Novice: 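My structure is below; once you've seen it, I'll send some questions.
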Amino acid sequence: LDFLNLMAYDGPRDDHASYAMAERSIATWLARGIHPDKLVLGVPFYGRPGNATYRTLLASDPTTADGDRVVFRGVEQNYNGPATIRRKTELALLRAGGIMIWELSQDARGKDSLLRVIGETVARLEISGELLGPCVAGQAGLLRLRPVRLGDEGGSGLGIRAMPRGGRTVALRSEERRVGKECRSR
């Protein structure tokens with residue numbers, strides 16, 4: 001198994017893509033014995049019900065960037081705003097092996113771009129040294145997970161490129177590196 005994309009979205013109307021759903025999804029697969037670095041957390045760039053893109057929701061109401069719910073065409077939409085995307089990125093990099101997006105074309109441009117939030121969060125975690133992965137039994141040394149910078153083919157300035165999966169998802173994966181500390185059980 002190279003990796004497993006966790007589609008932690010498209011849940012019930014009031015739980016389309018909550019942070020709690022992401023936590024449950026990761027916990028479920030960890031309990032099934034999948035190594036954390038094989039799990040890639042999926043996040044949506046659209047709302048439910050109705051499938052309105054984050055870009056469309058933001059254009060219709062600038063307060064969309066302030067939360068995870070907005071009324072659009074008379075119906076409350078559930079989506080992931082910048083704060084939730086930030087928290088999910090942290091979750092994906094600290095407890096799993098990366099993050100994927102469905103889908104890039106649904107993002108907004110500029111300061112409220114969700115991809116920008118992901119890139120800034122990765123950079124902050126990398127600089128702060130918080131990207132410490134799980135200690136793997138039987139190995140000498142602690143494994144440090146660091147994001148793999150894949151180039152900047154999309155011009156985002158974030159050093160992240162879309163994986164060739166029909167142009168619909170981007171996977172930000174991690175690589176394992178040894179550092180010189182003893183492995184301790186958690």
Side-chain angles (χ1 to χ4, degrees), residues 3-29 39-126 147 150-173:
F3 60 92
L4 179 65
N5 287 336
L6 305 180
M7 190 176 140
Y9 46 89
D10 288 352
R13 182 179 192 136
D14 62 341
D15 191 22
H16 157 55
S18 68
Y19 183 82
M21 176 187 274
E23 287 182 309
R24 285 190 308 267
S25 184
I26 290 172
T28 297
W29 288 99
L39 300 176
V40 179
L41 179 64
V43 295
F45 280 13
Y46 62 92
R48 286 262 192 204
N51 298 324
T53 68
Y54 173 72
R55 181 181 63 248
T56 300
L57 294 173
L58 186 64
S60 74
D61 184 349
T63 65
T64 296
D66 298 332
D68 292 331
R69 296 177 192 270
V70 69
V71 175
F72 178 69
R73 296 185 180 162
V75 178
E76 184 179 71
Q77 300 292 310
N78 298 287
Y79 60 95
N80 287 166
T84 300
I85 291 294
R86 185 174 299 104
R87 288 183 66 212
K88 284 185 172 184
T89 301
E90 292 167 352
L91 177 70
L93 294 177
L94 298 175
R95 293 198 24 219
I99 192 164
M100 70 122 188
I101 297 154
W102 190 271
E103 73 174 272
L104 287 175
S105 69
Q106 297 173 332
D107 197 13
R109 298 195 186 276
K111 69 177 181 63
D112 294 318
S113 163
L114 299 176
L115 183 59
R116 179 173 303 281
V117 169
I118 291 170
E120 290 170 355
T121 304
V122 169
R124 179 180 51 78
L125 291 174
E126 188 174 35
L150 299 171
D152 190 18
E153 298 167 10
S156 67
L158 301 175
I160 302 169
R161 78 157 188 209
M163 301 295 284
R165 301 260 188 256
R168 294 189 169 271
T169 63
V170 61
L172 177 61
R173 298 276 303 155

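Quantities reported herein were computed from a predicted structural model and do not represent experimental measurements. What you see below is based on every heavy atom in this structure, not just the backbone, and it leaves out hydrogens, waters and symmetry mates.
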Novice: Taking all non-hydrogen atoms of both residues, which atom of Leu93 and which atom of Gly98 are closest, and how far apart?
Specialist: CD2-CA, 4.1 Å
Novice: Determine whether a donor-acceptor pair (N or O, by modelled atom type, separation under 3.5 Å) exists between the side chain of Ser60 and the backbone of Leu57.
Specialist: yes
Novice: Using distance alone, with no hydrogens and no angle criterion, decide if Tyr9 and Asn78 have a side-chain donor and acceptor under 3.5 Å apart.
Specialist: no
Novice: Is a salt bridge present between Glu90 and Arg124, judged by a nitrogen-to-oxygen distance below 4.0 Å?
Specialist: yes
Novice: Show the nearest heavy-atom pair for residues His16 and Pro44, with the distance to one decimal.
Specialist: NE2-CG, 3.7 Å
Novice: If you measure from CG on Asn5 to CE on Met100, what distance do you get to the nearest 0.5 Å?
Specialist: 4.5 Å
Novice: Answer whether the closest heavy-atom distance between the side chains of Val122 and Thr89 falls below 4.5 Å.
Specialist: yes
Novice: Any chance you could measure Leu6, atom CG, to Ile26, atom CD1, to the nearest 0.5 Å?
Specialist: 6.5 Å
Novice: Is there a side-chain contact between Thr53 and Phe45 (heavy atoms, below 4.5 Å)?
Specialist: no
Novice: Counting C-beta onward and ignoring hydrogens, is there a side-chain heavy-atom pair between Pro12 and Met21 closer than 4.5 Å?
Specialist: yes
Novice: Among Asn80, Asp10, Thr56, Asp107, whose side-chain hydrogen bond (donor to acceptor under 3.5 Å, both in side chains) with Tyr46 holds?
Specialist: Asp10
Novice: Answer yes or no: is there a donor N or O on one side and an acceptor on the other, between the side chain of Gln77 and the main chain of Pro49, under 3.5 Å?
Specialist: yes
Novice: If you take all heavy atoms of Ala108 and Ser113, which pair is closest and at what distance?
Specialist: O-CB, 3.3 Å
Novice: Could you point out which residue of Asp68, Val117, Leu115 forms a side-chain contact (heavy atoms from CB on, under 4.5 Å) with Ile85?
Specialist: Val117
Novice: Side-chain contact test, heavy atoms from C-beta onward, threshold under 4.5 Å: evaluate it for Phe72 versus Thr64 and give yes or no.
Specialist: no
Novice: Does atom CZ (Arg24) have a neighbourhood of more than 12 heavy atoms from anything else shown, all under 6.0 Å?
Specialist: yes
Novice: What distance separates Ile118 CD1 from Ile99 CD1, expressed to the nearest 0.5 Å?
Specialist: 4.5 Å
Novice: Identify the heavy atoms of Ala8 and Ser25 that sit nearest to each other, and give their distance.
Specialist: CB-CB, 4.1 Å
Novice: Ala17 and Lys88: which non-hydrogen atoms are nearest, and at how many Å?
Specialist: O-NZ, 2.5 Å
Novice: Which pair of non-hydrogen atoms, one from Leu114 and one from Gly81, has the smallest distance, and what is that distance?
Specialist: CD2-C, 3.9 Å
